[in-house]
Each structure stands twice: as structure tokens, then as C-alpha cells.
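One structure is given below, encoded as C-alpha cells.
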Amino acid sequence: MGLTKQYLRYAPGPVFGLVASARANAAFVALRGERARFAAVATCELVVVWDLRKGEKVLIIPGDKSEVTRLAAAPCRGRHGGEEGYAAGVELAAGHVDGAVRLLSLITGEKRVTFTGHRTAITALAYHPDGTRLVSGSQDTDVIVWDVVGECGLYRLKGHKDAVTSARFFSTKNVLLTGSKDSFVKFWDLDTQHCFKTLVGHRSEVWSLATFGEDTRLVTGSADSELRVWELSCPDSDAGVKRPRAAGPRLAAQGGELSDDENAEEEEEEERIVAAHKLGSLLREGRDRVVSMATDPTGRFLVCHGLDQTLEVFRIQTEEEIKKVLDKRRKKQRKRAARKAEAGNDMQQQEEVVERTVQDEIVRVANIRASAKIRSVDVRVESGGRELRVVLVLANNLLETHAVVVASAETRRAGRVATPGHRSDVRTVAFSSDNTAVLSASAESAKIWNRASLQCVRSMDCQYALSSLFVPGDRQVVLASKTGKLQLFDLASGTQMECVDAHDGAVWSLCMAPDQRGFVSGGADKLVKFWEFELVKSADAGQASNSSSGLTLTLSRALSLDEEVLCVRFTPDHRLLCVSLLDCTVKAFYTDSLKFFLNLFGHKLPVLCMDISYDSRLIATGSSDRNVKIWGLDFGDCHRSLFAHDDSVMCLQFVPKTHLFFTAGKDGKIKQWDADKFELVQTLEGHHGEVWSVAVSPSGDHILSAAHDKSLRLWERTREPLVLEDEREMEREAEYEESVAKGAEPIVPGETEGEAGMAARKTMETVKAAERIMEALELYRVESQKLEEHKQACKAANKQLPPPVLDPVLVASGSVTPEKYVLEVIKKVKSSELEEALLVLPFSYVPELLALFLLFLRQGRAVELICRALFFLLRIHHGQITSNGMLLEVISELRESSLLRVREMRDLVGFNMAALQLLHREIEAKQEVALFVDATQKMKDKKRKRKVREKQRAVLALAL
């Protein structure tokens with residue numbers, strides 16, 4: 001058997017250069033007692049909490065591989081200096097692109113629970129005002145309500161035909177409000193899990209909605225400049241005023257026509273819970289669609305923005321303010337009528353009725369102009385309601401905060417988080433020769449980062465950079481721009497030393513010469529130019545002793561070609577120069593004489609990147625045709641053609657001193673290949689957009705990559721060996737898990753598919769949990785049979801025989817009994833996955849499980865968990881259980897035992913609540929007494945100090 005070649009694994013390192021992802025939103029969080037100072041944003045798969053006042057990171061919460069698309073902060077409402085609600089503002093919900101919803105703790109910075117119910121990206125996320133429930137909407141058109149306290153899904157609501165864009169709980173009723181791209185706004189009765197009303201007044205997608213006025217007003221925004229305002233009224237409350245209905249038939253949401261009787265019956269059924277009537281519209285200044293809307297927790301302010309840079313701020317008027325406005329309008333009408341009467345009109349003027357309009361209730365306060373396009377917004381009121389604080393996530397990797405003075409409507413920019421990132425995509429990265437610094441350049445700036453601390457050391461303004469390199473000595477860098485210029489920067493001062501008009505078009509590639517005396521550039525003007533570094537003395541030096549030298553670029557020669565040059569590379573032995581052209585070929589020339597040597601053709605699309613191995617024997621080329629070809633430089637023969645990426649291959653580079661190379665493509669993946677065995681070694685996944693550039697450190701221990709998500713990622717080579725067979729097995733498992741996740745939803749026997757369904761979905765975790773429960777039940781069967789045989793043997797022998805040998809699994813678990821082992825296995829199943837795991841369980845295991853549940857209830861073990869699993873099994877297997885006569889006795893006993901245990905738990909909870917309330921009152925009384933004692937002691941201290949000062953003054957007076 002031959003030796004297996006081993007490789008070293010590259011592990012993902014830190015992510016830097018990203019302030020906030022434009023795909024996710026920002027959310028104010030309450031930390032250290034301040035609610036408008038800290039904001040949580042998403043940076044790819046991480047969640048970062050920023051101190052907006054200092055511009056520093058306060059907390060970084062790690063995540064999985066999937067990108068965060070939505071954030072929602074738990075409600076934090078103060079009451080007597082305290083906080084109410086389950087989460088109390090110390091929890092954050094994060095929705096991911098894979099459909100998972102994770103609850104994150106802002107105290108520990110860790111993940112508390114994961115909900116898996118959606119198949120695609122989360123697009124809407126909101127907490128209930130009391131913090132006990134969470135609603136999530138996704139691109140898969142489903143809406144799921146989650147129990148935050150019980151850590152499980154409650155139900156799945158189906159009815160939308162397109163992606164859900166927003167969701168809101170009612171604070172006064174058990175009603176949910178959702179908006180979708182299908183142009184509908186739906187009202188859901190959560191008691192019965194059905195949609196009882198659908199608003200169809202929109203002609204296009206409903207992008208956002210907001211409620212205020214204690215759920216009496218609804219504002220929706222769609223693809224036009226109009227904000228529609230709706231009046232919501234509840235029959236059992238005094239909020240809202242019912243308006244007369246217009247007679248005649250009404251079109252249903254499905255487009256069918258209803259008769260007058262059916263229409264009246266349906267409307268009566270709808271208005272039994274919540275009635276909605278359109279009040280009017282507000283016109284925005286922006287002409288494009290609404291991106292998002294937000295209201296502050298007090299419901300006094302409404303903010304909205306479109307695809308531009310303007311944020312519009314509206315204030316919700318109180319009833320007293322509206323009454324004053326209407327009174328003024330009536331006075332003006334009376335004065336106008338009086339003037340008409342004095343003018344000689346003897347006819348009795350009928351007083352006009354003053355109608356209440358939307359503009360009376362919602363008043364425009366101010367417009368905030370951001371520095372770039374706005375992607376999301378969150379708003380809070382601070383300083384006792386005198387100031388409105390707004391946080392904005394911008395499209396250019398910026399985080400801005402603005403303040404609005406409520407009294408004067410003055411706006412100002414309160415802060416900006418911009419230092420640690422580029423404003424646009426990073427198109428080129430490079431390592432220094434000593435591997436201590438890295439360079440990243442974009443369309444507006446170039447930054448030098450310390451590789452160890454990941455801090456930005458130097459930031460320099462530059463033109464649109466396409467390629468870069470460090471000058472030998474690592475004191476200067478050269479940037480090639482899209483305008484055809486070469487810019488030379490000094491790193492010590494951060495200033496531009498020289499700017500050379502090198503090419504008439506974009507400079508696509510730079511390559512350092514092996515002798516490090518110069519470099520070569522290739523551009524869109526069909527020229528390859530050779531440049532040399534030269535030290536020149538400053539012309540304005542006063543004396544020879546004080547003269548200083550500066551580095552400059554000198555053009556030595558040029559090579560003219562027939563097509564645009566996309567990439568240039570020297571062989572490490574400085575013998576050949578390889579050039580990739582727009583005609584899909586790669587040509588090799590002798591470096592000294594520039595004579596033609598080889599022509600490599602075979603790609604169907606242009607070669608965008610290439611590199612040559614350290615021994616000058618192999619050249620690898622990556623093309624827009626998604627293939628990578630490995631060639632021999634001796635004869636130009638193609639050794640192998642590999643299908644590398646699902647999109648264009650953007651960069652390729654060999655690891656120094658090896659025949660391993662890395663490729664990166666527009667599919668967001670980075671792959672490592674073996675050029676000798678022509679095999680894929682490892683796939684690095686982490687970027688959430690097109691990867692534009694990759695650089696390998698001179699030692700090969702680090703890889704730096706930049707992508708369209710504006711993040712820079714550092715990958716580190718570990719000492720962990722990598723075996724290809726294990727990698728292939730992991731890939732197959734990942735494919736199987738993905739196929740399981742994409743499978744059809746389970747249909748519960750005896751139930752028809754309707755508006756409501758199970759919240760969770762089938763995953764590999766639920767399948768494994770079901771398998772563990774089945775293994776435990778089989779072990780329980782075997783051990784129970786052993787114990788029964790042992791009893792029969794003891795009875796036949798009429799003496800006590802030694803007990804049977806326990807199964808090794810039970811021994812490893814602490815020599816527990818078989819039934820206790822089954823209970824421990826059920827306890828280890830996550831609460832959010834329990835129902836799905838029980839659904840996967842075959843019915844042949846259910847009778848035995850029900851008997852065990854009866855035993856557990858009699859013993860009082862895990863009553864809450866057992867009751868939850870019992871009720872779920874009875875619901876999904878109702879038909880089979882009732883048809884089985886042998887289970888009737890077990891079901892009857894389960895009913896009695898479960899009712900008894902539930903009553904005991906209810907009494908215990910009530911007793912504990914009463915005790916906690918008593919302790920609360922006693923602590924408040926003690927605090928008041930302690931406060932009085934402290935005040936008395938302070939008064940005594942003041943009197944004592946005053947007497948001491950008077951004595952000192954008397955002594956001083958006597959001395960004088």
C-alpha cells in the first residue's frame with residue numbers, strides 16, 4: 001500500500017475591515033443602562049455591538065457560516081427604574097440566510113438557542129412587546145411564531161404568495177400583522193392560527209409597515225412615494241372610531257366577486273376582532289420605493305427612507321395637539337363666515353364641518369441627509385423625550401448616528417463609525433515581505449493593516465486601484481489604477497511620492513521582477529511596460545550633506561501586443577514573461593530579448609489570472625469559463641483541466657515552495673488544489689459575495705482575501721493534518737444534510753394542509769435525535785426482557801440469583817436503570833427540535849414510549865417535558881392510538897396522572913409567585929428604611945462638619 005499524501009489544514013481566522021453589512025439592519029440595544037448609545041449590527045456571520053459615542057466595538061458575538069440578514073432587539077421597557085418582559089432588553093434575535101433564527105445573549109455574548117424552521121433567508125423579525133414570543137418571516141413565504149421562554153416553535157402560518165417583508169405583534173390583542181411582496185397585508189388571529197382579514201389596497205409590493213397609537217393606526221409603504229395610513233378599531237375597546245361602510249359588493253383578495261349577503265357576513269366576521277379602514281395617505285419626498293420604516297418604542301415618531309440618502313422623520317400628534325389644531329381651524333371658519341356676513345350676504349351661512357385628516361395626526365418634523373444611500377434605520381427617544389436619536393446603516397460600509405431636537409426640529413450628525421473599513425469593494429490585497437503588514441486598496445483609499453492586531457496603521461487616498469505590490473524594503477507601495485496611472489506611496493508619512501501616467505487604459509496587473517529591481521505592468525492599451533526603481537536626490541537640497549534621496553519609477557522598455565493585457569507574470573528564474581490576453585490565450589516571451597516562446601490556448605473565455613510555480617515548471621491559469629488549467633512551461637502542454645468554480649475564476653496564486661495553489665471565484669469560495677495530483681484539497685467558505693482578490697503570505701502560513709461583502713478575511717495554516725478521504729466524506733454529509741433540509745414538509749396523519757402548520761423543519765439534528773430515542777427504546781426493551789427472564793429464573797429456582805450484566809451503555813452512563821436512561825436521552829434533545837424528532841419516530845415505538853411516560857408521571861420526573869411530548873404524540877397519532885384497544889387503559893391512566901401532576905405544578909408555581917411578591921415587597925420596604933437611615937446619617941455628618949468649621953473659624957479669629 002502506498003503512502004498517503006497529507007496536507008495541512010487552513011482554518012478561518014478573524015474578519016476585519018467591515019463596519020456593518022448592508023444586507024442586515026441595525027438595532028439599538030440596552031447596555032449599561034443606556035438605550036440610545038449602543039447599536040447591534042451584522043458583519044457577515046458575526047454580530048457586533050458598537051459604542052456609537054466612542055466608535056468602538058463593545059461586543060462581538062460569533063456565528064456560524066451563514067450570513068446574518070435580520071436583527072431584532074428584545075423589548076426593554078422601564079417601570080419604576082426596573083425592566084419588564086422576559087428578555088428585558090438583554091437578548092438579541094438574529095435571522096440568517098439559511099433560515100435559522102438564533103437568540104443571542106448580550107450579557108455573555110453567546111448563543112442561547114437556535115430555531116430552525118425556514119428554508120431560505122430571514123426577511124422579517126420582531127419580538128412581542130412582552131418579550132415572550134418572536135415572529136419570523138422568510139423568503140419561503142412562511143411566518144413562524146416562536147416561544148422564547150419554552151425555546152420551541154408554536155406554529156407556522158401560511159398564506160402569503162411571496163417573500164414576507166415585515167411582521168408586527170399587536171400589543172393589545174393576540175393578533176399578528178404581516179406584509180409581503182405579494183402586495184397583501186394580512187391579519188392573523190393567533191388564538192385560532194388563521195388569517196381573518198387581508199388588506200388589498202396596494203398595487204405593488206408592501207415593503208414595510210408600522211403601527212402606533214396603541215395599535216389604532218397602521219402605516220404601510222410600497223413601491224411608490226405614498227405612505228398609506230389605516231385606522232384600526234377593535235369592537236371590545238374604545239380605541240378608534242367606526243366609520244360608515246359603503247354599500248355594494250366587494251372584491252375578495254383572490255379576485256372573486258362576493259354577493260352583498262356574503263360580503264356582509266365576511267365583514268362582520270372580520271370586524272369581530274379588528275376592523276381596518278383607510279384614512280388617507282402621506283406623500284414622501286422620495287420618488288422611489290420605501291425600503292424600511294421604524295417607530296420609537298414610545299410610538300411618538302415615525303421614520304422612513306427609500307433607496308436614496310434622505311431619511312424622513314414624522315411625529316405622531318397627541319389628541320390634545322390635534323384638538324388644538326381643529327379648534328384653530330374652526331375659529332378661522334367662523335371669522336370667514338363673519339366677514340362674509342358683514343359684506344352684505346344676509347343669507348344664513350351654514351357652518352362647515354371640520355374634518356380630521358391624516359396630516360393632522362402625522363406631522364413632518366425634519367429630513368436627515370446621510371452621506372450615502374441608506375440601507376436600514378432604528379430610532380430611540382432619549383433625554384426625557386427632548387431628543388430623537390437615529391442610527392443608520394449605509395451602503396458604503398458606514399454607521400452614522402443623527403440627533404433631532406424635538407422642540408426646534410434641528411438635526412445634527414452625532415457620530416460616525418467609519419475608520420475600520422473601506423467605502424467600496426476591495427479589489428486588491430498584498431502581503432509585505434516580512435509577513436507583518438497587509439495592504440488593501442479599493443476605489444477611494446488604500447489601507448495598511450497590522451496582521452497581528454488587525455488595526456489600521458495607515459490610510460491613504462488613492463484612485464480606483466486594481467493591482468498593488470510592496471516595494472522591496474516594505475517602505476513604499478505601488479498601486480495600479482483604473483485610469484492607467486501608477487501611484488507610489490510612502491508608508492511612513494502616508495503621502496503620495498509619485499504618480500505616473502503608465503497606460504492609456506486600465507492597468508490590470510502588476511508583477512515584481514525576481515531580481516526585485518523593478519516590476520512589469522500590463523494594461524488595456526495592449527502594452528506591457530517594464531519599470532525600474534531608481535533613487536534620485538531631491539533638487540531643492542540646500543547642501544550636499546543635507547541632501548535626501550527619493551524613490552522614483554523609470555520606464556525601461558515596453559512590449560506591444562495585439563490584444564488587451566489582463567495578467568502578467570515572471571517565472572521565478574527570470575527567464576520567461578507570461579502574458580494573458582483578451583483573445584483567451586497566454587503567450588510566453590523571453591525576458592531578455594522579448595522574443596516569442598510559447599502560446600497556450602484552450603480556454604473558451606479570457607484568462608483573468610495565472611501564476612507560476614517556484615521551480616518555473618508549471619503554470620496555472622484561471623479563466624472566465626470557470627476552469628483552471630495546469631500547463632507545463634517546457635513544451636506548453638496542458639497537464640489537466642479542472643472545473644474549479646461555479647462562476648469566473650478571479651485570482652490564482654501558488655503557495656511558496658510548493659505545487660499547491662489557491663483559486664478564488666465569483667461564487668464566493670476559495671479552493672486549494674494540488675498541481676501534482678490534480679485534486680481539490682480544501683474548500684474555504686466564509687465570504688458572502690464575489691471574491692475579488694487573494695494573497696498568500698511569503699511563508700505560506702496566511703491567506704488574505706477580499707470580497708464584494710466589503711470584508712477582509714485572514715486564513716491561517718494550522719498543524720492539523722488534512723486527509724482527502726475525510727474531506728470527501730464531510731462533503732457528502734453536507735450534501736445529505738442539505739437535501740434533508742430541502743425536503744418536503746411532514747404531513748401529520750389525520751390533518752389537512754391549511755393556514756397553520758408545524759414550526760420546525762426536518763434537519764440532521766432532528767433525525768439524529770430520533771435515532772438516539774429509538775436506540776434508547778431498543779436498549780430498554782432488551783434490558784427489560786433480561787430483567788423479566790431474571791425474575792422468572794429466580795422464581796423457578798426459588799432463590800435469589802445474581803443480577804444480569806448491565807449493558808455497557810448503561811454502565812458508561814453511571815449504571816442507571818433502562819427507563820432513566822430513556823428519560824436522559826429525551827432530556828438531551830433540544831427543546832426547539834423535540835416535536836420534529838418525535839414526528840420522525842415510527843409508531844411501533846410509541847406504545848412503549850407512552851408506557852414509560854406513565855411511569856415518569858407517577859414518579860414525578862420531568863413533568864413539563866413529559867406532558868409536552870405526550871400531548872404531541874397523542875395529537876399526531878390520534879387515529880392509530882384510538883383504534884388500538886390495548887392502549888385505552890394506558891391512555892386513561894395517563895389522563896389521570898397528567899391532570900394530577902399539572903395541578904401540583906400549577907399550585908407550586910402559584911405558591912412561588914406569591915413568595916416572590918412577598919420578598920419583593922419586603923426588599924422595597926427595607927430599601928426605603930435604608931434610604932431614610934442613610935439620609936439621617938448624612939444630615940448628622942453635615943452638622944458635625946459644620947460645627948468643626950465654626951470652631952476652626954473661632955480659633956482663627958482669636959489668633960488674629
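At least one donor-acceptor pair closer than 3.5 Å links the side chain of H96 to the backbone N or O of S66. Side chain of R156 to main chain of G117: a donor-acceptor pair is present (N/O by atom type, distance under 3.5 Å, no hydrogens or angles). Between the side chain of T43 and the main chain of L18, no donor-acceptor pair closer than 3.5 Å is present. R713 places a side-chain N or O within 3.5 Å of a backbone atom of G686 that can act as its donor or acceptor partner. The backbone N or O of T120 sits nowhere less than 3.5 Å from a side-chain atom of H118 that would complete a donor-acceptor pair. Judged by distance alone, with hydrogens and angles left aside, the side-chain atoms of N397 form no donor-acceptor pair with the main-chain N or O of G421 at under 3.5 Å. One N or O on the side chain of D140 and one on the backbone of R119 form a donor-acceptor pair closer than 3.5 Å. Distance alone, capped at 3.5 Å, is enough to place a donor-acceptor pair between the T165 side chain and the V206 backbone. At least one donor-acceptor pair closer than 3.5 Å links the side chain of S21 to the backbone N or O of A42. Between the side chain of E836 and the backbone N or O of E833 there is no donor-acceptor pair closer than 3.5 Å.
Looking at L218, L282, T220 one by one, the single match for side chain to side chain contact (heavy atoms under 4.5 Å, CB included) with V229 turns out to be L282. The residue from T178, T141, T198 that alone fulfils the side chain to side chain donor-acceptor pair (under 3.5 Å) condition with H160 is T178.
Atoms NZ and CG, on K173 and L190 in that order, are 11.5 Å from each other to the nearest 0.5 Å. Expressed to the nearest 0.5 Å, how far CG of L307 lies from CH2 of W207 amounts to 8.5 Å. Expressed to the nearest 0.5 Å, how far NE2 of H687 lies from NZ of K669 amounts to 14.0 Å. Note: L176 CG to C195 SG = 10.0 Å, rounded to the nearest 0.5 Å. In this structure, CG on N25 lies 4.0 Å from CZ on R70, to the nearest 0.5 angstrom. Between atom CG of residue N396 and atom CG of residue L394 there is a gap of 5.5 Å, rounded to the nearest 0.5 Å.
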With side chain to side chain donor-acceptor pair (under 3.5 Å) as the test, would you mind laying out the steps for R53 and T401 before giving the verdict? CA-CA 9 Å; R53 192 174 299 171; T401 55; over 6 Å; no

Step by step, would you call E400 with S371 a side-chain contact (heavy atoms from CB on, under 4.5 Å)? CA-CA 9 Å; E400 284 187 356; S371 59; 2.6 Å; yes

Take S222 and R228 through the test side chain to side chain donor-acceptor pair (under 3.5 Å) and record every step on the way to the result. CA-CA 9 Å; S222 59; R228 293 168 175 83; 3.1 Å; yes

Steps toward side chain to side chain donor-acceptor pair (under 3.5 Å) verdict (S292, S208): CA-CA 5 Å; S292 67; S208 184; 5.9 Å; no

Can you check side chain to side chain donor-acceptor pair (under 3.5 Å) on W715 and S705, steps first, answer last? CA-CA 8 Å; W715 312 82; S705 58; 3.1 Å; yes

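The two residues V291 and R375 come nearest to each other via the heavy atoms CG1-O, 3.7 Å. Here the closest non-hydrogen pair linking L134 and A93 is CD2-CB, 3.9 Å. Scanning both residues, L311 and H305, for their nearest heavy atoms gives CD1-CB, 3.9 Å. Smallest separation of non-hydrogen atoms from C304 and F314: SG-CE1, 3.9 Å. The nearest pair of heavy atoms linking D378 to A26 is CB-O, 3.5 Å. Here the closest non-hydrogen pair linking F169 and P129 is CB-CD, 4.0 Å.
Here the side chains of E67 and R23 are in contact, with some heavy-atom distance below 4.5 Å. Y155 has its side chain out of reach of I144: every pair of non-hydrogen atoms, C-beta onward, lies at least 4.5 Å apart. V390 is listed as a side-chain neighbour of V377, based on a closest heavy-atom distance under 4.5 Å.
Shown here is E731, whose CD atom has more than 12 heavy atoms of other residues, nucleotides or ligands within 6.0 Å. Around NZ of K181, the count of heavy atoms belonging to other residues, nucleotides or ligands within 6.0 Å does not exceed 12.
In summary, R284 and E226 do not engage in a salt bridge, as defined by a charged side-chain N under 4.0 Å from a carboxylate O. Ionic pairing of R133 and D147 is not present here: no N-O contact between side-chain nitrogen and carboxylate oxygen is shorter than 4.0 angstrom. Between D64 and R102 a salt bridge is recorded (basic side-chain N to carboxylate O distance below 4.0 Å). Ion pairing between E151 and R112 holds under the 4.0 Å rule for side-chain N and carboxylate O. Taking a cutoff of 4.0 Å between a charged side-chain nitrogen and a carboxylate oxygen, K158 and D142 do not qualify as a salt bridge. A salt bridge does not link R380 with E382: none of the charged nitrogens is closer than 4.0 Å to a carboxylate oxygen. The pair E45-K65 fails the salt-bridge criterion, with no side-chain N (NZ, NE, NH1 or NH2) lying under 4.0 Å from an Asp/Glu carboxylate O. A salt bridge does not link R289 to D224: none of the charged nitrogens lies less than 4.0 Å from a carboxylate oxygen.
Under the 3.5 Å distance criterion, with hydrogens and angles disregarded, no donor-acceptor pair is assigned to the side chains of D162 and S180. Neither side chain, D189 nor H194, offers a donor N or O lying under 3.5 Å from an acceptor on the other.
The aromatic rings of W692 and H708 stand perpendicular to each other, their planes meeting at an angle above 60°, with 30° marking the opposite boundary. The aromatic rings of F187 and F170 sit perpendicular to each other, their planes meeting at more than 60°, with 30° as the lower class boundary.
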